[in-house]
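In what follows, chains carry the letters A, B, and so on, assigned in the order in which the sequence lines appear, proteins first and then strands, with residues in each chain numbered from 1.
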Amino acid sequence: MSYIAKPKVSHPKLPKNKLGLTERDYEGSVSTLCAGCGHDSITSAIIQAVFELDIEPHRLAKISGIGCSSKTPTYFMSESHGFNSVHGRMPSVTTGANAANRDLMYVGVSGDGDSLSIGAGQFVHAIRRNLNMCYLIENNGVYGLTKGQFSASADIGSKPKKGLANQQEPIDAVSTALSLGATYIGRSFSGDKEQLVPLIKGAMLHKGFALLDIISPCVTFNDHEGSTKSYAHTRQFYHHVVDMDYIPPAKEIKADYEKGSAMPIKLHDGSKIVLRKVDKEYDPSSRAKAFKYLRERSNAGEIITGLLYVNEGRPEMHDLMGNVDTPLSKLSLDSLRPPDGELERILRGYR
Amino acid sequence: MSYIAKPKVSHPKLPKNKLGLTERDYEGSVSTLCAGCGHDSITSAIIQAVFELDIEPHRLAKISGIGCSSKTPTYFMSESHGFNSVHGRMPSVTTGANAANRDLMYVGVSGDGDSLSIGAGQFVHAIRRNLNMCYLIENNGVYGLTKGQFSASADIGSKPKKGLANQQEPIDAVSTALSLGATYIGRSFSGDKEQLVPLIKGAMLHKGFALLDIISPCVTFNDHEGSTKSYAHTRQFYHHVVDMDYIPPAKEIKADYEKGSAMPIKLHDGSKIVLRKVDKEYDPSSRAKAFKYLRERSNAGEIITGLLYVNEGRPEMHDLMGNVDTPLSKLSLDSLRPPDGELERILRGYR
Amino acid sequence: MAAVNDVVIKIATVNGTGSASANGLLRKAIFRMGVPVVGKNFFPSNIQGLPTWYEIRVTADGYQARSNRTDLMVAMNAQTYAKDMAEVTSGGWLVYDSTWPRSQLLDREDITVLGIPFSKLCNENFDGVRTRILMKNIAYVGAIAALLDLDLEVITQLLEETFGDKKHLVASNMEAIRIGYDYATENFPCPLEASVMAMDNTKDQVIMDGNTAAALGCVYAGATVGAWYPITPSTSLMDSFRSFCAKYRVDSETDKRTYAIIQAEDELAAIGMVLGASWMGARSFTPTSGPGISLMTEFIGLAYYAEIPAVIFNVQRTGPSTGMPTRTQQADILSCAYASHGDTKHILLFPANPAECFTTAVQSFDLAERLQTPVMVLSDLDIGMNDWMVPEFEWDDEYVPDRGKVLSADDLDQMDKFYRYLDSDGDGIPYRTLPGEHPKGSFFTRGSGHNKLGGYTEDGSEYQEVVDRLLLKWETARTLVPKPEIIYSKDNKAAILTVGSGNGGCKEALDRLASKNIGLNYCRVKAFPFGEEVKGFVEKHEVIYVVEQNRDAQLKTLLMLDIEANPDKLVSLLHYNGMPLNAGFVVDSVLKEMAKACAA
Amino acid sequence: MAAVNDVVIKIATVNGTGSASANGLLRKAIFRMGVPVVGKNFFPSNIQGLPTWYEIRVTADGYQARSNRTDLMVAMNAQTYAKDMAEVTSGGWLVYDSTWPRSQLLDREDITVLGIPFSKLCNENFDGVRTRILMKNIAYVGAIAALLDLDLEVITQLLEETFGDKKHLVASNMEAIRIGYDYATENFPCPLEASVMAMDNTKDQVIMDGNTAAALGCVYAGATVGAWYPITPSTSLMDSFRSFCAKYRVDSETDKRTYAIIQAEDELAAIGMVLGASWMGARSFTPTSGPGISLMTEFIGLAYYAEIPAVIFNVQRTGPSTGMPTRTQQADILSCAYASHGDTKHILLFPANPAECFTTAVQSFDLAERLQTPVMVLSDLDIGMNDWMVPEFEWDDEYVPDRGKVLSADDLDQMDKFYRYLDSDGDGIPYRTLPGEHPKGSFFTRGSGHNKLGGYTEDGSEYQEVVDRLLLKWETARTLVPKPEIIYSKDNKAAILTVGSGNGGCKEALDRLASKNIGLNYCRVKAFPFGEEVKGFVEKHEVIYVVEQNRDAQLKTLLMLDIEANPDKLVSLLHYNGMPLNAGFVVDSVLKEMAKACAA
Ligand SMILES: Cc1ncc(C[n+]2csc(CCOP(=O)(O)OP(=O)(O)O)c2C)c(N)n1
Ligand SMILES: Cc1ncc(C[n+]2csc(CCOP(=O)(O)OP(=O)(O)O)c2C)c(N)n1
Ligand code: SF4
Ligand code: SF4
Ligand SMILES: [Mg+2]
Ligand SMILES: [Mg+2]
């Protein structure tokens with residue numbers, strides 16, 4: 001979209017990952033978002049995560065709806081297949097794509113408007129199916145691209161630049177996902193890359209529906225005083241509750257975790273994540289308790305972040321359906337037809 | 001829809017309400033649902049409730065989507081205005097109607113398919129607005145009218161008549177409504193008229209969004225063994241947690257409630273509801289605690305019923321918006337125009 | 001008018017009472033006797049307790065449409081006795097359950113009323129409420145068997161096929177047959193003048209509904225992803241696909257499936273899933289009906305503009321809005337042809353019967369992948385849910401699917417750089433790649449402005465270049481879609497032109513008109529856009545009677561728009577009350593229009 | 001080609017840098033000098049940091065369209081220097097920020113390049129990053145003021161009006177004006193040959209965009225319920241409605257509102273809300289654009305069939321799909337006319353400029369209520385978001401709204417029984433009642449099959465009676481919708497026919513063609529269905545150039561379908577690259593087509 005050609009200089013000294021690629025190789029076109037937009041920080045966290053995970057770019061599909069947030073797939077991994085679909089419908093496109101080819105990695109990027117208003121139905125149903133994907137909501141409390149209307153994630157009392165404060169109950173993506181049974185649920189902040197990168201890694205490797213609700217301030221329309229989705233407000237009320245480390249398959253868990261507060265979980269590819277509970281009371285394995293904790297804290301104005309719930313045990317969509325391991329799109333059409341001559345036999349039943 | 005003409009005999013001995021109407025006067029056309037369908041029992045509970053509340057039929061609007069459940073508004077209150085809209089979109093039609101005329105009473109009838117699949121987005125957003133209406137989900141776990149596919153409220157493990165058991169996480173209307181902040185939330189059973197009638201009365205008089213999730217077995221497609229929405233299963237696992245009594249405006253609270261377990265709540269029209277807690281641990285005024293309780297019990301297979309959450313304090317849509325008391329549809333168009341000659345003044349600003 | 005092997009039987013019952021299998025038994029028995037039949041179901045939009053009718057036309061000539069006669073009415077539903085009796089064609093018969101006297105049945109003198117105490121007989125012979133109801137249905141089959149002289153051997157055999165090992169069921173059903181049969185034989189002069197006589201006109205024919213046939217087509221086309229939201233009258237398409245897949249798509253060793261059927265949360269999601277799956281290279285489809293199409297509108301525009309294959313079956317019902325969900329119509333032609341905002345047009349395929357549903361289903365995937373665009377198969381309730389006798393489908397085991405211009409990993413290896421929307425071949429169709437195949441294949445799919453390289457653009461001329469190419473692709477489509485069926489009776493100036501389920505009634509009308517010495521030519525379009533053949537046909541004639549099943553002459557509209565057919569010569573014959581077309585309507589309308597033209 | 005009071009100024013900046021107010025100041029200053037102007041905005045579909053242009057056409061003749069010249073380019077955006085310079089019309093001028101040298105600017109010898117070190121000057125005179133950026137914008141206004149000889153008094157006055165009490169802002173802005181003004185005066189021969197000279201051609205005119213005007217129309221029509229989902233380019237319509245309501249619809253005593261604006265969760269909900277509110281008797285509307293219309297499709301069909309008034313503003317943008325959201329087009333005509341499955345057709349109104357947006361908005365409510373059906377107002381981005389000079393709107397304080405056939409409580413009292421869908425007056429329009437008014441008024445609204453009494457039906461002839469009446473209503477609509485604007489130049493055989501925002505460019509083209517001695521007649525349609533006048537006009541001419549802004553000749557399509565216009569005489573001139581129409585395109589295309597016809 002930009003009129004500036006992207007410099008394609010080679011940087012021999014940049015670190016390389018196992019595939020021999022540098023972080024540069026995971027970049028996309030130059031962003032056309034506003035300078036300082038939270039979404040750009042998330043883009044760079046994604047780039048770091050996929051670089052560190054040694055993901056082959058063309059084996060990842062990035063899908064989005066419409067909005068400033070939904071534009072970001074253009075800004076990372078230009079060697080991946082991208083699909084910028086229609087407003088609020090990323091989940092269904094991803095569901096179909098995944099149904100056809102279960103072997104790719106799916107990253108869906110959405111906004112709070114895209115997922116919680118027009119897309120609310122598709123969002124909840126993707127969760128129900130435990131669709132194997134990493135679902136990112138870049139949450140700024142407003143519709144950025146249409147110039148700053150409140151979205152459904154706007155908090156009660158949050159003030160717009162002009163006009164009256166929001167009075168409607170917000171839809172909280174995290175508690176919605178908890179009540180619907182998403183199997184990996186985290187919340188974070190675009191300004192907290194340290195927390196964000198491992199969360200994204202875990203979300204990508206989790207087998208099932210992984211939701212990250214990432215507060216991502218809109219500097220143009222929702223970063224003023226009185227906004228509860230501004231950088232300042234988020235920093236002030238921000239609490240880590242369960243942090244996590246990502247540990248690649250080969251590595252052993254080395255760090256010295258305080259007893260009782262660490263919880264290692266094995267992912268399907270052999271890698272591990274270790275949850276580090278900041279609040280020891282918190283139980284990231286119980287939907288009921290997590291929900292209660294979150295509501296009580298959010299009533300108190302706190303923004304609770306980290307990996308808030310995880311359940312590696314539930315089968316994802318294909319396994320629920322009992323599908324073959326080979327991606328359906330790779331099966332030769334010949335192999336899918338009834339045997340030669342079978343039609344005649346079938347038709348006999350209709351005489 | 002029926003080919004049988006409804007007998008319009010007068011029944012001089014039937015009891016009359018304050019308006020001089022009998023229950024008969026609140027009936028509608030003859031039902032065309034299957035004999036034994038749970039939805040018909042709910043229809044009769046509605047009829048009893050509105051009769052006892054002395055509601056003027058033409059001051060109530062009944063709105064629905066599409067489905068067997070959504071047909072039922074034809075079967076009660078033939079003197080009321082009805083709107084059988086399109087599938088899943090009852091909430092938006094009701095929102096617009098209510099925005100235009102806040103003085104009528106709104107009863108929305110929907111099914112689990114209508115509200116939790118195609119209508120999920122509108123359902124959650126009506127809750128967010130605290131739309132002043134009584135919202136009934138006649139929940140049978142299947143799509144009745146299209147012949148028995150599982151709906152999104154089907155429980156994991158519930159068996160269809162033939163084929164494999166459902167494996168997808170259900171969407172529970174009650175916990176969804178709790179997480180979104182509905183202000184009156186109940187669950188009941190079409191077979192439990194005693195519980196249902198007062199719940200409906202309270203829901204009609206509650207000022208704000210009142211949801212009743214009513215298990216309503218589909219005798220044709222989902223009443224067999226193995227189904228978790230059958231009459232038998234529901235009766236077996238059914239637990240009253242918070243029952244309620246409805247007390248009309250004039251009356252005083254008389255019944256002798258056990259201390260600590262009764263909780264009277266005043267409704268905006270002066271009537272009262274008294275909650276009778278069957279499980280004293282339960283707290284119907286805390287969304288966080290109610291959610292936790294419900295999830296834990298439902299994990300244990302229990303069907304928790306009664307008035308599960310109520311909050312008379314939150315303003316409903318019009319009050320959130322700061323609207324005049326007169327219904328907008330009743331304002332004369334003249335009164336809505338800028339004063340005579342004002343156009344010229346306005347236009348001056350565009351020179 | 002009824003005669004041997006030319007009878008219309010209509011059975012009036014209440015839905016939910018299990019009459020469907022009895023009616024099927026009757027229809028099959030006649031068919032097995034070698035006599036062609038047509039079976040039409042008229043059912044209410046509810047589940048149980050309302051009037052429902054099944055109509056069996058016995059037609060030695062093998063006509064496919066309904067007839068507008070009712071020769072033998074079997075009035076099993078007291079609610080509709082009066083209406084049912086009124087409907088019997090003069091000279092016909094009415095059978096009713098005489099367990100209770102119905103004095104009002106004596107109203108008509110021009111028909112013969114035959115009372116059979118079905119309830120009484122069944123109550124005497126069977127136990128249990130449910131059994132008695134079911135057996136009453138079988139008993140009327142027995143009575144009809146006597147009245148029309150059906151072969152009891154054939155009926156026995158059919159029951160044996162149905163119940164297999166359950167011998168007792170065969171026995172009890174045969175007993176019910178006997179009860180009806182014997183009562184009729186003893187009390188009435190059997191057979192009636194109009195009866196069924198074995199012949200050999202059903203060889204190599206099958207009886208099937210269009211939804212089953214379309215589902216089978218999807219299986220043979222190799223479709224793997226079906227996403228849908230239930231809606232009458234398309235639901236049975238996915239039900240059938242599911243049954244076929246359960247049989248042919250489950251790995252016998254691992255018990256794992258090679259298909260994914262996803263019940264979506266609504267139609268917006270269903271089409272989104274189809275696009276996602278097609279983008280990944282799977283053959284993917286969704287069956288739906290009018291309201292579903294309306295909801296898919298936005299996504300259909302995306303598929304058109306981003307050039308993603310998709311197969312949509314629209315089993316049309318009576319609109320607008322919810323309309324009459326259990327009645328037929330062809331009224332979504334226009335909204336499908338131009339679905340979605342902006343400049344769009346879409347390929348439509350029009351099967352005329354279940355046999356064509358099978359072949360068209362296969363074709364639709366070939367065309368969608370070849371043309372990289374949505375293809376809509378416009379069937380309707382009449383085709384989709386009624387029982388049609390059609391020739392056994394043929395399948396060429398050598399069939400090679402057309403996957404269109406998809407670059408393989410090898411192709412990409414040899415390329416310098418891949419650009420998505422280049423028209424390298426001059427046919428308006430660009431090359432595509434499948435995600436995950438090759439690093440060089442990646443591109444960005446979007447519904448926003450893009451240039452021929454696949455890049456985002458807001459530049460007017462870059463934008464225009466792409467949408468202009470889509471017009472060229474449309475011209476290519478015109479050459480690839482199925483050609484019309486054209487019949488010349490003699491080289492005259494007038495013709496009938498129709499589409500889809502209009503075929504049966506129109507062809508029968510041609511015969512009838514011919515017998516009145518009116519020889520009309522015939523064209524049945526099978527696809528939109530229209531090719532040269534349709535254009536030539538229209539140009540060649542002075543008057544064309546356009547027969548279609550909607551109020552607004554939607555097919556005529558497309559003819560005017562797509563091939564600039566002169567509206568002056570297109571005379572619309574519109575049938576849109578929700579009932580399937582019958583030849584009588586066409587004949588009468590043609591005669592009326594001819595008279596009008598002469599008078600003018 | 002530029003001359004006094006005939007200049008096109010184009011300012012290239014980056015969006016989000018506050019140039020809009022500077023550009024507005026410039027446009028207003030010229031307008032206040034009594035010289036007609038046209039203001040067009042070309043902006044990207046993002047929020048900040050991308051190239052954006054504002055074009056001011058100074059046109060003594062008061063033409064309303066864009067010109068295809070660029071006489072004075074103010075190139076403030078280094079990213080687009082090259083492109084911007086290439087665009088300057090030969091003989092024109094290019095102003096750029098010479099703080100940094102731009103050697104490539106010497107490329108063209110046929111234009112004059114004027115360097116002004118705006119950044120340097122502003123850095124020297126102002127403090128703070130944001131202030132410097134804003135003042136640079138004001139400084140270029142100052143420079144243009146000098147180059148074109150604008151009245152500094154007028155500019156001062158405008159700044160005073162803008163900033164009111166904030167005297168320091170007036171002072172600093174005037175300083176910025178001075179900086180640019182003085183630099184230009186000192187370094188270049190000012191004014192240029194093409195300049196602005198005060199005249200008296202803007203009396204009783206205002207400058208407004210169409211969305212503001214439509215919003216004002218909604219206020220005057222007495223609309224109380226507006227439901228919407230934000231979408232470019234319709235968003236500002238609801239923003240304006242909100243501002244007007246904040247002023248005129250808040251009870252001064254209670255501070256309570258007499259309007260409800262509901263930001264819906266999506267467009268499906270927005271139109272659902274409109275139907276609910278209209279059903280209750282409120283005047284209700286929704287503004288949207290293409291994708292929104294696609295999503296509203298199902299509900300639009302319900303409104304048509306259940307006969308519920310609804311007003312929908314479709315501010316069209318470039319499709320299909322997401323297309324180019326910040327570019328204009330008229331490509332939703334067909335999808336709006338026949339929106340929804342089943343047999344449907346809808347009333348469309350086509351305002352041509354903001355003044356008509358105001359009156360059309362009022363009319364749309366009258367028509368929707370009179371005809372009990374959805375009325376779609378088809379505006380576009382060019383009308384909706386650009387700055388048009390139009391005559392001051394008139395408002396008749398005696399205006400009596402047409403609420404259509406609504407029975408009052410009194411009416412009902414006197415009736416025996418009310419039936420919803422009876423055609424008592426023979427005009428196809430039944431009577432309706434409002435919920436809550438009277439016990440006798442109740443009826444059941446449904447999108448499923450219903451008979452003329454309002455009862456549910458699955459009976460074919462009852463169904464047909466109702467849909468046939470809808471056709472009669474359509475004919476009534478034909479007589480009620482606004483008549484076309486028709487201009488006869490002389491009684492010749494050729495004419496231009498256009499719609500909506502095509503008006504300005506076509507009228508200017510008529511003048512230009514007339515100056516070449518080609519006198520064409522003119523018809524601008526204002527509504528669908530077309531009335532007698534349009535039909536007569538089309539019939540009277542041998543050749544009609546149909547000018548429209550879409551690829552597929554959608555207006556021509558409607559002419560062919562609705563009044564069976566002979567396509568042979570309809571010559572399409574299609575402009576669909578997303579830019580507003582300009583007269584040059586029309587003139588050139590007409591000449592080309594005429595040449596072709598002569599050659600043939
Ligand atoms: C059907 C449809 N309706 C409306 C729009 C206009 N629109 C574009 S983006 C957007 C909201 C985006 O909000 P969000 O998802 O929160 O993304 P953000 O820009 O805030 O990152 C809307 C309403 C659209 N593109 N399509
Ligand atoms: C847009 C659309 N899609 C599909 C349908 C078909 N349909 C009618 S009712 C129904 C499901 C009804 O299920 P539910 O709401 O649970 O009602 P129930 O019949 O079980 O009471 C469906 C899918 C429709 N009418 N409209
Ligand atoms: S408008 Fe807001 S969300 Fe959009 S790019 Fe700018 S800062 Fe980001
Ligand atoms: S199908 Fe089920 S839900 Fe529908 S009427 Fe029958 S019992 Fe009730
Ligand atoms: Mg947002
Ligand atoms: Mg249901």
Side-chain angles (χ1 to χ4, degrees), chain C residues 44-45 268 289-291 293-295 297-298 300-302 304-306 316 318-327 329 331-332 334-336 338-345 446-449 457-458 460-461 463-464 467-468 471 550-552 554 557 560-561 564 566-568 576-579, chain D residues 44-45 268 289-291 293-295 297-298 300-302 304-306 316 318-327 329 331-332 334-336 338-345 446-449 457-458 460-461 463-464 467-468 471 550-552 554 557 560-561 564 566-568 576-579:
Chain C
S45 176
L268 288 102
S289 187
I293 291 288
S294 282
L295 290 175
T297 303
E298 188 192 17
I300 292 174
L302 172 73
Y304 172 80
Y305 187 38
Q316 296 168 95
T318 304
S321 195
T322 302
M324 299 195 292
T326 59
R327 298 287 179 263
Q329 217 171 46
D332 301 343
L334 194 56
S335 52
C336 286
Y338 300 105
S340 213
H341 62 280
D343 287 306
T344 59
K345 27 191 172 179
R446 47 165 74 81
S448 45
T457 194
E458 292 181 0
S461 54
Y463 157 84
Q464 195 167 329
V467 296
D468 284 346
L471 286 183
N550 57 64
R551 185 195 67 182
D552 289 346
Q554 301 189 13
T557 294
M560 288 167 63
L561 297 180
E564 299 208 337
N566 180 352
D568 293 345
Y576 52 96
N577 63 5
M579 287 295 177
Chain D
S45 176
L268 289 102
S289 189
I293 291 287
S294 283
L295 290 175
T297 304
E298 188 191 17
I300 291 174
L302 171 73
Y304 172 81
Y305 187 38
Q316 296 167 97
T318 304
S321 194
T322 302
M324 299 195 291
T326 60
R327 298 287 179 261
Q329 217 172 48
D332 300 346
L334 194 56
S335 52
C336 286
Y338 300 105
S340 215
H341 61 280
D343 286 306
T344 60
K345 28 191 171 178
R446 48 165 74 83
S448 45
T457 193
E458 293 181 0
S461 54
Y463 157 84
Q464 195 167 330
V467 296
D468 283 346
L471 285 184
N550 58 64
R551 184 195 68 180
D552 290 346
Q554 303 189 11
T557 294
M560 287 166 62
L561 297 180
E564 299 207 337
N566 180 352
D568 293 343
Y576 52 97
N577 63 6
M579 287 296 178

Reported CG-to-CG distance for the pair Leu295(C) and Leu268(D), which is rounded to 0.5 angstrom: 6.5 Å
Rounded distance [0.5 Å steps], NE2 in His341(C) versus CG in Leu334(D): 13.5 Å
Minimum heavy-atom distance Val467(C)-Tyr576(D), with the two atoms named: CG2-CE1, 3.9 Å
Heavy-atom pair count under 4.5 Å with chain C, highest-scoring of Ile300(D), Asn566(D), Thr344(D): Thr344(D)
Minimum-distance pair of heavy atoms, taken over all atoms of Asn577(C) and Tyr463(D): CA-CD2, 4.3 Å
Residue Met560(D) versus chain C: region with a heavy atom under 4.5 Å: both
Under the side chain to side chain contact (heavy atoms under 4.5 Å, CB included) test, residues paired with Ser289(D) that sit two or more places apart: Ile231(D), Pro233(D), Asn314(D), Arg317(D)
Partner chain D: residue of Ile293(C), Leu471(C), Thr457(C), Asp568(C) with the largest heavy-atom pair count (under 4.5 Å): Leu471(C)
Top of Ser335(C), Gly301(C), Pro320(C) for chain D proximity - count of heavy-atom pairs under 4.5 angstrom: Pro320(C)
Heavy-atom pair of closest approach, residues Glu458(D) and Pro44(C): OE1-CA, 3.1 Å
Between Glu564(D), Met579(D), Gln464(D), Arg446(D), the one whose heavy-atom pairs under 4.5 Å with chain C are most numerous: Gln464(D)
Minimum-distance pair of heavy atoms, taken over all atoms of Ser321(C) and Tyr305(D): CB-CD2, 4.1 Å
Closest contact, heavy atoms only, Gly449(D) versus Met324(C): CA-CG, 4.1 Å
Interchain contact, Gln554(D) with chain C, by part (heavy-atom threshold 4.5 Å): side chain
Residue selection (most heavy-atom pairs with chain D, distance under 4.5 Å) from Ser448(C), Ala339(C), Gly319(C): Ser448(C)
Set of residues satisfying ring-ring contact (aromatic ring centres under 6.0 Å, His included) with respect to Tyr304(D), sequence neighbours excluded: His346(D)
Taking every non-hydrogen atom, the tightest pair across Asp552(C) and Asp343(D): N-OD1, 3.1 Å
